[in-house]
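In what follows, a structure is listed as structure tokens, so that the remarks can point back to it.
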Amino acid sequence: MGRKIAMLGSGFIGRFYADSIHSQRSKDRIVSIYSRREESAQKFAADYQTPHWTTTMEEAIHHPEVDVVCIALPNNLHEAAVMACCKAKKAVICTKPLGRNAEEAKRMLEAVEAAGIFHGYMEDLVYTPKFSKALQSVQDGALGRILWAKSRETHPGPHSEWFWDKEQAGGGCILDLGCHCVEIARSFIGKDIKPVEVMCWADTQVKPIDAEDHAIGLVRYENGAIGQFEVSWTFRGGLDLRDEVMGTEGTIWLNSFLRTGFDMFTTGKGAEYVAEKAESNTGWLFPVGDELNDLGYNHMFTDMFNAIEQNKAPRESFYDGYVVNAVLDAAYRSAASKQWEPVKLEIWRGREGVGKGASLVDYDDKHYLIKEEKTHFGSTKLILKEKQSGKIIEVTR
């Protein structure tokens, strides 16, 4: 038996979700659609063979067949939708970001836990096949101790008008895209490692909006690791998703969307939709083989629904959404103050007091090893530090 879902929101992301839900496990169905506009609700219902549509959110949530509510609404409506799910005692999964700020996210987290209902945070980019395989390698120790994790998401800007309204959205590209990047880096570094402080630059460079359209930030973690995010609504050329992870024993580079090994040239004849946020359908194009799969939607919904059926927590819960919101709040404060700003986490469920890993590697009783390499002429070169004097020496053998 599959899940019976109420979809709240009939826009771009709601349709992406619907395509995935109806295809991945082949047994989950959307049985009710809520949209603020009647024509949108009717069109969605017709396109996805959804038997019930409504312009009243509570009606969709309380529909007798519904057992899971999927929130695909503008950011300012998330909290009201979550509270309605708590009242109805319905499992809820919510799109990113969880809240417009950590205060909203904390209220939602406390509400679902008090109501005792299942809650999932739909951070699709930590479910992509490439990310999942990279994360497993990191967790298996292939990269050693993680020192730096960088994530970049840039594109020409969101699809819907509400994203561009600072009050409805809660912010600009930091909130919209940074939520992905922070959770990606946090996953590689370790979700049990506390984010401590943030340094962020942000500006409104191109768009005539009140919120930021470009930002770069550093997140320092308690164990000394650094997470880095680069986000923009001003990037020309499509949707660029890239991650880098560096550890003491290795490095991973991921290119998840813009350049994935599928290049095509066309004059435009017969070419319409190419990929999400593609800016052209002529010239050299970079189509995506399976967007639902490559963006992680299929794997995300499988995890969410399997977790409900197995009575366990999903990989991403409202708690994760709350932590991400707290990090992004610090980023906004830093962008304003031009200083490092502390991450204010009133709820922390990870490890405490985690120190930096040891940087001293013994070579012998008298020396630490800095570097060992083979030269082009066949010798071995050693860079050593004398333990007693601290002097750096070079030995060639």
Side-chain angles (χ1 to χ4, degrees), residues 12-13 16 74-75 95-97 100-101 123-126 128 130-131 148-188 195 198-219 226-245 253-260 274-280 283-286 288 291 294-296 324-325 327-338 341:
F12 183 86
I13 193 63
F16 250 126
N75 299 346
T95 193
K96 62 79 193 172
R100 289 177 292 180
N101 51 58
E123 174 44 79
D124 60 287
L125 293 186
V126 300
T128 69
K130 288 181 180 178
F131 173 86
W148 172 50
K150 171 185 172 183
S151 184
R152 167 186 172 93
E153 179 171 5
T154 62
H155 58 59
H159 301 284
S160 301
E161 83 288 346
W162 65 264
F163 282 96
W164 304 93
D165 183 322
K166 189 174 181 180
E167 174 59 29
Q168 290 186 73
C173 61
I174 290 177
L175 196 59
D176 178 34
L177 309 180
C179 58
H180 289 305
C181 299
V182 166
E183 190 65 349
I184 287 169
R186 179 174 169 249
S187 297
F188 281 129
V198 179
M199 171 63 80
C200 180
W201 166 86
D203 199 0
T204 309
Q205 293 189 311
V206 176
K207 309 296 184 182
I209 57 174
D210 295 329
E212 75 289 346
D213 62 14
H214 199 157
I216 301 170
L218 297 175
V219 183
I226 285 287
Q228 180 177 341
F229 64 82
E230 301 176 1
V231 294
S232 181
W233 284 348
T234 67
F235 175 78
R236 304 310 301 267
L239 174 57
D240 186 15
L241 300 176
R242 280 182 277 167
D243 305 320
E244 299 179 28
V245 195
W253 295 342
L254 298 177
N255 194 327
S256 296
F257 208 80
L258 188 59
R259 300 301 297 270
T260 60
V274 176
E276 183 184 350
K277 297 182 177 71
E279 292 203 88
S280 173
W284 279 107
L285 306 175
F286 313 107
V288 178
E291 286 187 64
D294 293 346
L295 288 172
V324 168
N325 269 128
V327 172
L328 297 180
D329 281 0
Y332 279 111
R333 291 195 300 271
S334 176
S337 71
K338 314 300 183 185
E341 291 288 344

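Keep in mind it's a predicted model, so treat the numbers as computed, not measured.
The main-chain N or O of E183 is found under 3.5 Å from a side-chain atom of S187 such that the two form a donor-acceptor pair. Using a distance-only test at 3.5 Å, with no hydrogens or angles considered, a donor-acceptor pair links the side chain of D213 to the main chain of Q205. Under the 3.5 Å distance criterion, the side-chain polar atoms of E230 are left unmatched by any main-chain donor or acceptor of S232. Not one N or O on the side chain of K207 forms a donor-acceptor pair closer than 3.5 Å with the backbone of T234.
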| field | F257 and F286: CA distance, side-chain angles, deciding distance, ring-ring contact (aromatic ring centres under 6.0 Å, His included) verdict | value | CA-CA 9 Å; F257 208 80; F286 313 107; over 10 Å; no
| message | Between T260 and K130, is the side chain to side chain contact (heavy atoms under 4.5 Å, CB included) condition met? List the steps. | response | CA-CA 11 Å; T260 60; K130 288 181 180 178; 4.2 Å; yes
| request: Show your reasoning for whether side chain to side chain contact (heavy atoms under 4.5 Å, CB included) applies to D124 and H180. | output: CA-CA 8 Å; D124 60 287; H180 289 305; 3.4 Å; yes
| request: List the steps, then state whether side chain to side chain contact (heavy atoms under 4.5 Å, CB included) holds for V327 with V198. | output: CA-CA 7 Å; V327 172; V198 179; 4.1 Å; yes
| task | Decide side chain to side chain contact (heavy atoms under 4.5 Å, CB included) for F131 and L125; before the verdict, give the C-alpha distance in whole Å, the side-chain angles of both, and the deciding distance to 0.1 Å. | result | CA-CA 8 Å; F131 173 86; L125 293 186; over 6 Å; no
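Under the side chain to side chain contact (heavy atoms under 4.5 Å, CB included) test applied with D176, the options E153, E212, K96 reduce to a single match, K96. Remark: of the listed residues W233, F235, F229, W201, W201 is the sole one forming a ring-ring contact (aromatic ring centres under 6.0 Å, His included) with H214.
Listed here is the closest heavy atom pair of D210 and T204: O-OG1, 4.3 Å. In plain terms, the two heavy atoms of A202 and A215 that are nearest each other are CB-CB, 3.8 Å. Minimum heavy-atom separation, C200 to A331: CB-O, 3.4 Å. Among all heavy-atom pairs drawn from L239 and H155, the shortest one is CD1-CD2, 3.6 Å.
Remark: D240 pairs with R152, R242 by the salt bridge (charged side-chain N to carboxylate O under 4.0 Å, His left out) rule, at least two apart or across chains.
Judged purely by distance below 3.5 Å, without hydrogens or angles, the side chains of S151 and D243 pair a donor atom with an acceptor atom.
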